[in-house]
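Below: the structure, in structure tokens.
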There are 2 protein chains.
Amino acid sequence: MSVRSLCLAILTFGDATGYEIRKESTEGRFSYFDDASYGSIYPALARLEADGKVTVREEQQHGKPARKVYSITEAGRDEFLASLCEPQAPDTFKSPFLLIAMYASDLGPDVIRRALDRRKQQILAELGKMQEFGYDDPRTGERWINEYGIACMKLTLAYLEEHGDDLINIAKGADKAAPVAAE
Amino acid sequence: MSVRSLCLAILTFGDATGYEIRKESTEGRFSYFDDASYGSIYPALARLEADGKVTVREEQQHGKPARKVYSITEAGRDEFLASLCEPQAPDTFKSPFLLIAMYASDLGPDVIRRALDRRKQQILAELGKMQEFGYDDPRTGERWINEYGIACMKLTLAYLEEHGDDLINIAKGADKAAPVAAE
DNA sequence: GGACACATGTAATCGGTTACATGATTAC
DNA sequence: GTAATCATGTAACCGATTACATGTGTCC
């Protein structure tokens with residue numbers, strides 16, 4: 001998902017400034033899809049305006065620089081919805097944790113224990129964030145994906161809780177120089 | 001995970017050519033971590049050799065260009081294992097499917113049904129690939145992550161099977177209530 | 001006769017991040 | 001006083017992809 005699409009996606013939920021879009025993409029609901037930095041958002045917004053996909057209005061403020069509030073246009077909405085209809089890229093899961101786990105026997109139990117704990121805490125943190133969001137608007141797809149996310153997180157957490165020790169044992173076994181402890 | 005690390009990771013499992021590394025990263029066990037193209041693998045391998053992290057030997061072949069078979073060195077193994085020990089980046093899940101689901105009420109039931117089916121098929125395909133891999137070497141961390149992956153895929157598939165209709169209903173409901181944007 | 005697997009590599013390009021530049025306001 | 005939040009934007013850089021360039025053997 002490009003920054004361009006990300007901006008359009010966020011703007012379908014209401015007007016926003018570049019600053020707010022970035023926040024939403026790194027901390028808010030859209031952090032499940034992509035992160036983006038100012039260095040990519042501001043140029044993307046400028047191009048979107050030149051293309052007629054968004055409009056801007058400036059709101060003067062005392063002291064602070066003027067806010068540039070962007071609104072999506074009909075053409076912008078069309079572009080975005082159309083992009084959702086064309087063949088979707090496959091979902092991907094990138095897991096530094098799994099990579100570490102793969103080399104458990106080379107890394108030893110301490111590293112593995114730490115990696116496992118970190119992963120669990122990450123899941124807990126994400127779970128907390130998801131459960132905070134409230135949904136009072138009619139776009140209930142938003143609620144559905146939230147519930148989906150929560151369910152998945154809970155299931156993986158349970159799996160980790162149940163099978164984490166097995167992984168630690170793999171790391172331990174190799175630590176003792178006995179290549180394989182029969183299974 | 002950079003292409004450099006990816007190359008080292010794959011080479012810890014045995015010697016390989018650039019061609020094979022690419023295949024492993026797009027189709028094999030390592031496809032869960034990262035993809036990489038020739039345009040990034042070959043330069044990475046050249047740098048790795050210049051840095052003394054791998055060695056090369058050329059194997060002449062009849063007709064085909066000579067294979068350049070790379071082997072990881074002790075220094076290479078050290079660099080890789082050390083990189084696994086330093087603070088891990090959080091796991092991320094990028095889901096074009098979830099994005100489509102989020103806008104269910106704007107897209108209508110047909111698009112959603114299609115997206116749902118595609119996602120299920122993707123999971124099925126990945127599941128099949130995972131179940132094919134056999135593990136006879138002592139590095140049992142590999143088996144652990146395989147079982148983890150299979151468990152997660154099965155759980156999410158079950159969730160989609162159970163709650164997919166809810167999402168279609170959301171898309172349907174909106175279809176009746178408010179007309180969809182131009183299509 | 002055509003598509004595909006094998007096999008290596010470079011050049012142009014692109015999409016993005018990081019660091020830089022600026023500056024007021026508010027909370028600790 | 002100092003850190004964080006609000007607020008915009010640019011320039012340098014980087015990592016990677018895409019397309020290009022080349023060529024044989026094999027299967028259908």
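Only this structure's heavy atoms are used, side chains among them; waters, hydrogens and symmetry mates stay out. To find a chain, count down the sequence lines: A is the first, B the second, and so on, and within it residues start at 1.
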For B:F30 and B:F13: C-alpha separation, side-chain torsions, deciding distance, then whether ring-ring contact (aromatic ring centres under 6.0 Å, His included) applies.
CA-CA 11 Å; B:F30 286 85; B:F13 281 87; 5.8 Å; yes
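- At a cut-off of 3.5 Å, with distance as the only test, a side-chain donor of A:Y103 or B:T12 sits close to an acceptor on the other residue.
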Take nucleotides 5-15 of chain C nucleotide by nucleotide from the 5' end and write B, S or -, depending on whether a protein heavy atom sits under 4.0 Å from the base, only from the sugar-phosphate, or from neither.
SBBBBB-----
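- A:F133 carries A:R29 over the face of its six-membered ring, with the cationic atom under 6.0 Å from the centre and within 45° of the normal.
- Note on A:A36: only backbone sugar-phosphate atoms sit closer than 4.0 angstrom, heavy atoms only; bases stay farther off.
- Note on the helix from C:dG1-D:dC28 to C:dC28-D:dG1: angle between the axes of the first and last five pairs equals 40°, rounded to 10 degrees.
- For B:S37, a side-chain nitrogen or oxygen approaches OP1 or OP2 of D:dT17 to under 4.0 Å.
- In this structure, the side chains of B:T73 and B:D78 stay at 4.5 Å or more apart for every pair of heavy atoms.
- At a threshold of 4.0 Å, the pair B:D110-B:R113 counts as salt-bridged, since one of the basic side-chain nitrogens sits closer than that to a carboxylate oxygen.
- Atom P of nucleotide D:dA4 and atom CD of A:E27 are separated by 13 Å, given to the nearest angstrom.
- When the P atom of C:dT18 is taken as reference, atom CD1 of A:I41 falls 13 Å away, rounded to whole Å.
- Put simply, CZ on A:R47 is 15 Å from C1' on C:dG16, counting in whole angstrom units.
- Using a cutoff of 4.0 Å between basic side-chain nitrogens and carboxylate oxygens, B:D51 and B:R4 are scored as salt-bridged.
- As rounded to whole Å, 10 Å separates atom C1' of C:dG16 from atom NZ of B:K94.
- One finds no salt bridge joining A:R77 and B:D106 here, because no Lys/Arg side-chain nitrogen approaches an Asp/Glu carboxylate oxygen to under 4.0 Å.
- We find that CZ of A:R22 is positioned 10 Å from P of C:dT18, with the value rounded to whole Å.
- Between the CG atom of B:L127 and the NZ atom of B:K129 there is a distance of 11.5 Å, given to the nearest 0.5 Å.
- One can place CD of A:Q60 at 15 Å from C1' of D:dC6, the figure rounded to the nearest angstrom.
- Between B:L48 atom CG and D:dG15 atom P the separation is 14 Å, expressed in whole Å.
- Using a 4.5 Å heavy-atom threshold, the side chains of A:Y70 and A:T55 count as separate.
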